[in-house]
Amino acid sequence: MGQPRNPARKPGGLTRAQRLTKRTEFDSILQDADIRLTRFPVRLVAKANTLGFARLGTIVAKRNVRSAVDRNRVRRLLREWFRAHADRFRSYDIVLFVRDYSKPGDQLKATLENVLQDWDRRINKLGT
RNA sequence: AGAGACGGCUAAACGAUCGCUGAUAACACUGAGUUAUUGGAGGAAAGUCCGGGCUCCGUAGGACAAAGUGCCAGGUAACUCCUGGGAAGUGCAAGCUUACGGCAAGUGCCACAGAGAAUAUACCGCCGUGUAAUUCGGUAAGGGUGAAAAGGUGCGGUAAGAGCGCACCGCGAUGGCUGGUAACAGCAUCGGCAUGGUAAACCCCACUUGGAGCAAGACCAAAUAGAGAUCAAAUGACGUGGUCCGUGUCUGAUCUGGGUAGGUCGCUAGAAGUAUUCUUAGAAAUACUCAAGAUGAAUGAUCGUUCUCGACAGAACCCGGCUUAUCGGCCGUCUCUCUUU
């Protein structure tokens with residue numbers, strides 16, 4: 001398996017290449033992360049990569065979100081959020097945890113907005 | 001018209017833009033991608049409670065243990081499921097419910113109340129006898145207690161009573177007759193009636209069950225280092241369903257090449273669905289259809305319009321059931337009550 005060279009060709013897309021699919025990739029990101037952000041119930045862990053584009057992985061534990069329908073809903077919201085803002089994550093691998101969820105998803109969306117602001121602040125500090 | 005019973009169907013609709021995923025075609029080409037067309041959660045996908053297919057381990061043979069099932073007949077790949085029937089209970093009825101073999105093999109349990117609770121019992125009462133009086137004997141008809149007091153009603157009988165005797169009802173028994181494939185039902189005969197409940201208590205009887213599960217398993221294959229086959233030796237250790245018998249492996253020699261990360265297959269054309277005929281379920285015949293296949297895991301987001309303002313809830317190898325959750329809407333058949341004619 002070579003490196004995907006042509007990743008986010010479509011501006012609003014989210015292809016297989018832009019998702020984390022290996023257990024080892026998850027482990028390496030979680031073990032030595034560059035950035036960690038927490039805004040309950042969302043937790044973001046990120047590590048710089050050399051691909052030139054961002055990748056996303058989500059972890060929604062069955063323990064925290066009991067219903068399978070809700071778990072799917074959370075995952076879709078996260079992916080949609082990542083897809084909308086993929087350019088702002090530059091060349092980082094992102095892992096998102098969600099520890100709690102309750103209907104409707106508006107609260108989660110608001111939290112994600114805050115996370116995005118935190119992320120911008122952090123990335124600008126590092127970038128300089 | 002109202003109240004109810006049973007069965008079936010459905011699970012907001014439409015449009016636009018962006019996105020994900022399978023298939024097909026074209027373009028392109030060795031990284032793959034781009035474009036177009038088209039498929040993309042459920043009635044329970046759930047719980048994982050049963051049954052099967054499929055796969056491997058294995059050979060399944062025996063004994064014990066454990067678990068399950070328990071009226072009869074039929075259906076099915078199979079079932080603890082379904083259909084029909086019987087019996088019992090329940091409702092005015094349509095209907096609904098039932099773990100529905102055996103407490104006369106043994107053991108255990110049955111609180112409280114009550115005189116007495118399983119070898120029955122004499123507290124009050126009733127009757128007899130005796131005394132100044134307490135007493136003694138008979139009695140289960142009456143009272144009281146209780147979930148339950150050892151058949152019920154009537155007549156006879158008696159000191160008072162009692163299946164003590166008789167009639168009817170109930171119960172039990174054996175064998176007989178009739179109907180039914182059978183469960184069972186009806187009739188006849190005999191027994192004065194004898195043993196309360198609990199087996200979803202242990203248990204007894206009859207029957208059934210090899211284990212693990214698609215992370216099964218097969219193939220391709222980096223690093224690193226194993227594995228398999230044949231022959232010989234050994235009888236202790238380890239494994240094989242819980243245990244035992246039984247049975248397999250080890251150690252050496254020879255030969256063969258090897259398989260973890262990752263990937264591919266398994267993976268959806270099937271005990272399939274729909275319609276018609278036939279039908280108790282089912283089976284059969286004919287015609288038509290192909291209807292998700294993901295894998296850190298697709299089926300979504302935003303906007304607009306309409307309405308009755310949207311419940312429970314998300315496929316993970318596949319089927320048949322059961323159980324549980326659920327906003328509503330629609331259709332059919334039937335029952336009861338009321339009104340009108």
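The chains referred to below are lettered A, B, ... by the order of the sequence lines, with proteins before strands, and numbering in each begins at 1.
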Tell me whether A:Asp70 is salt-bridged to A:Arg73, with the criterion being a basic N under 4.0 Å from an acidic carboxylate O.
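Between A:Arg73 and A:Asp70 there is no salt bridge, as every charged N stays at least 4.0 Å from the carboxylate O atoms.
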For [N], which nucleotide is its Watson-Crick or G-U wobble mate, given both distances must be under 3.5 Å?
N: B:A313; answer: none
N: B:G128; answer: B:C136
N: B:U333; answer: B:A5
N: B:G51; answer: B:C319
N: B:U280; answer: none
N: B:A94; answer: none
N: B:U224; answer: none
N: B:A297; answer: none

Distance from [X] atom [atom1] to [Y] atom [atom2], nearest 0.5 Å?
X: A:Thr58; Y: A:Trp81; atom1: OG1; atom2: CH2; value: 12.0 Å
X: A:Leu112; Y: A:Leu44; atom1: CG; atom2: CG; value: 9.5 Å
X: A:Asn72; Y: A:Leu77; atom1: CG; atom2: CG; value: 11.0 Å

Could you tell me the separation between the [atom1] atom of [X] and the [atom2] atom of [N], rounded to a whole number of Å?
X: A:Leu78; N: B:G296; atom1: CG; atom2: C1'; answer: 13 Å
X: A:Leu112; N: B:U302; atom1: CG; atom2: P; answer: 13 Å
X: A:Arg79; N: B:C18; atom1: CZ; atom2: P; answer: 18 Å
X: A:Trp81; N: B:U302; atom1: CH2; atom2: P; answer: 16 Å
X: A:Asp70; N: B:C312; atom1: CG; atom2: P; answer: 10 Å
X: A:Glu80; N: B:C18; atom1: CD; atom2: P; answer: 14 Å
X: A:Arg73; N: B:A301; atom1: CZ; atom2: C1'; answer: 9 Å
X: A:Ile94; N: B:G296; atom1: CD1; atom2: C1'; answer: 16 Å

In [N], glycosidic geometry as syn within 90° of 0 or anti otherwise:
N: B:A212; result: anti
N: B:G43; result: syn
N: B:G31; result: syn
N: B:A41; result: syn

RNA chain B: 5'-proximal contact among A:Val95 and A:Val69 (nearest heavy atom)
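Mapping each residue to its closest nucleotide by heavy atoms, the 5'-most match is A:Val95.
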May I ask you to verify if any side-chain N or O of A:Arg76 is less than 4.0 angstrom from the OP1 or OP2 atom of B:U299?
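Yes, because at least one side-chain N or O of A:Arg76 sits under 4.0 Å from OP1 or OP2 of B:U299.
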Compare side-chain N and O positions of A:Arg75 against OP1 and OP2 of B:G300 and report whether any pair is under 4.0 Å apart.
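No, outside the criterion.
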Considering only atom [atom1], compute the distance from [N] to [M] and round it to an integer number of Å.
N: B:C203; M: B:A65; atom1: P; answer: 11 Å
N: B:C267; M: B:A316; atom1: C1'; answer: 10 Å
N: B:G161; M: B:C127; atom1: C1'; answer: 9 Å
N: B:C54; M: B:C202; atom1: C1'; answer: 42 Å
N: B:G144; M: B:G101; atom1: P; answer: 40 Å
N: B:C71; M: B:A88; atom1: C1'; answer: 11 Å

Hey, mind stepping through A:Phe82 and A:Leu96 against side-chain contact (heavy atoms from CB on, under 4.5 Å) and telling me if it holds?
CA-CA 10 Å; A:Phe82 180 82; A:Leu96 286 170; 5.7 Å; no
Can you check side-chain contact (heavy atoms from CB on, under 4.5 Å) on A:Phe97 and A:Val42, steps first, answer last?
CA-CA 6 Å; A:Phe97 292 82; A:Val42 180; over 6 Å; no
Going by the side-chain contact (heavy atoms from CB on, under 4.5 Å) test, name the single residue among A:Val98, A:Thr38, A:Val95 that passes it with A:Arg43.
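Looking at A:Val98, A:Thr38, A:Val95, the match for A:Arg43 under the side-chain contact (heavy atoms from CB on, under 4.5 Å) is A:Thr38.
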Among the candidates B:G314, B:G300, B:A297, find the nucleotide nearest to the side-chain atoms of A:Asn72.
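Selected nucleotide (nearest to the side chain): B:G314.
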